[in-house]
Amino acid sequence: MSSTATVFPLQRAPARWALLGAFAVIYLVWGSTFLGIRVAVETLPPFSMAAVRFLFSGGVLLLASSRVRPRPTLLQWRNAAIVGAFFFLGNHGLMNNAARFIPSSLACLIIATEVPIIALLSSVLLPDRPLTRRSLMGAALGLLGVVCLFVGKGGGEGATHLLACAAVVGASFCWSFGAVFSQRLQFPPDAVLRAGMQMFSGGVLLTAASLIRGEPAALEPAAFSSRSLLALGYLIAFGSVLAFACYAYLLKHVRADAVATHVFVNPLVAVAVGAWLGGEHLRPAHLVSGLFILASVFVITLAPSSSDART
């Protein structure tokens with residue numbers, strides 16, 4: 001999933017193999033997590049599954065940063081809970097529910113709308129981020145992609161399919177708003193500690209949501225498939241802990257705009273993995289929509305900015 005990055009001072013040049021390996025992880029692992037979510041929620045309740053994932057992975061990150069000083073304040077924990085509500089309760093709660101009804105590759109394509117949404121929200125909520133022609137063009141392409149998805153009716157799958165797509169659009173907005181709003185809040189400077197606080201707080205909120213939905217009372221462990229449990233383990237160990245560690249590592253040694261290319265590569269990986277391992281096939285309306293969304297990501301993230309003009 002994408003978020004606004006903090007640029008760290010450049011340190012001693014790391015080994016080339018380490019950089020390539022870290023890029024491979026954030027490209028391939030994050031791109032494959034969408035299929036992992038779809039497999040996990042086949043037999044695991046969506047909110048409970050997400051709660052276990054982020055309580056565990058958040059706890060691991062907090063443990064890894066236990067020696068960081070100074071320790072977070074109550075205000076910083078409150079801020080982590082606010083952002084965790086958008087990142088994990090809102091984004092992953094909606095995503096996990098929708099994953100039962102649409103292809104994982106389609107979900108990843110829709111989630112890529114985070115890039116144009118963040119560009120628009122930044123211009124509204126952050127005084128030093130005015131809109132540029134490039135960001136307006138990218139936002140327009142992303143909006144066109146979403147319109148194509150719903151006007152094309154996703155190949156005629158019906159109302160449930162369209163509601164699931166709408167839920168993923170809502171998930172994208174939740175993450176985008178959290179990413180922008182978090183820049184106005186105070187957090188510890190350490191990236192691992194900050195992420196651990198947000199993940200763990202999100203896991204607590206997801207646990208509360210699962211209790212309200214009555215998921216624990218309806219649990220039937222005998223119905224849990226081994227592939228769903230393996231998918232959950234993959235999401236925790238690789239999708240959250242390892243991928244974020246590589247992400248934080250890259251931010252220390254590589255330009256932030258280079259690291260941000262994962263938001264363009266992840267949907268392509270998700271489509272390939274969904275077709276190869278998940279037997280997914282996207283409809284023409286999905287492909288057209290995805291092309292517009294990826295074009296919006298390219299315009300905002302990769303296109304040169306020297307000719308940008310403020311509007």
Side-chain angles (χ1 to χ4, degrees), residues 1-3 5 14 17-68 80 84 87-89 91-93 95-96 99-100 104-105 107-108 111 171 175 190-207 210 219 221 224-252 259 262-263 265-267 269-270 272-274 276-278:
M1 309 295 260
S2 61
S3 61
W17 66 266
L19 291 177
L20 292 176
F23 268 111
V25 168
I26 67 168
Y27 284 168
L28 300 177
V29 172
W30 270 343
S32 66
T33 54
F34 291 85
L35 180 60
I37 291 172
R38 197 201 81 181
V39 173
V41 298
E42 285 177 349
T43 60
L44 301 177
F47 277 86
S48 298
M49 187 279 285
V52 171
R53 175 185 176 184
F54 294 114
L55 284 173
F56 193 93
S57 56
V60 170
L61 294 179
L62 288 175
L63 183 61
S65 58
S66 60
R67 295 186 179 182
V68 173
F87 281 176
F88 302 104
L89 178 60
N91 178 271
H92 284 274
M95 260 290 304
N96 286 11
R100 297 173 294 173
S104 63
S105 49
C108 188
I111 284 293
W175 185 279
D190 184 78
V192 176
L193 174 59
R194 183 168 63 247
M197 292 168 62
Q198 293 170 0
M199 282 187 190
F200 193 83
S201 297
V204 171
L205 293 171
L206 285 162
T207 300
S210 71
L219 286 179
F224 298 165
S225 69
S226 57
R227 65 188 247 126
S228 288
L229 294 173
L230 286 173
L232 175 57
Y234 176 80
L235 291 171
I236 293 172
F238 293 90
S240 294
V241 177
L242 176 62
F244 181 80
C246 291
Y247 181 72
Y249 173 80
L250 287 171
L251 288 177
K252 292 182 180 180
V259 181
H262 77 86
V263 301
V265 178
N266 290 159
V269 172
V273 171
W276 177 37
L277 297 178

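Start at 1 with the first residue, then count along the sequence.
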Working for side-chain contact (heavy atoms from CB on, under 4.5 Å), residues F200 and L61: CA-CA 9 Å; F200 193 83; L61 294 179; over 6 Å; no
Distance (rounded to the nearest 0.5 Å) between S228 OG and L44 CG: 5.0 Å
Aromatic ring pairing F23/Y27, orientation class (parallel under 30°, perpendicular over 60°, tilted between): tilted
OH (Y249) with more than 12 external heavy atoms under 6.0 Å: yes
Any N96 side-chain heavy atom under 4.5 Å of F47 side chain: no
N266 vs T33 side-chain heavy atoms within contact, under 4.5 Å: no
Any side-chain heavy-atom pair of R53 and I37 under 4.5 Å: yes
Geometric class of the F244/Y247 ring pair [parallel <30°, tilted 30-60°, perpendicular >60°]: tilted
CZ/F238: more than 12 non-hydrogen atoms of other groups inside 6.0 Å: no
Within-4.5 Å side-chain heavy-atom neighbours: F54 and Q198: no
Side chain to side chain, I236 and V60, heavy atoms closer than 4.5 Å: no
Considering all heavy atoms, the nearest M95-A107 contact: SD-CB, 4.1 Å
Heavy-atom side-chain contact between I111 and F34 under 4.5 Å: yes
Check: S210 main-chain N/O paired with S48 side-chain donor or acceptor under 3.5 Å: no
Validation row: F88, L205 side chains within 4.5 angstrom (heavy atoms): no
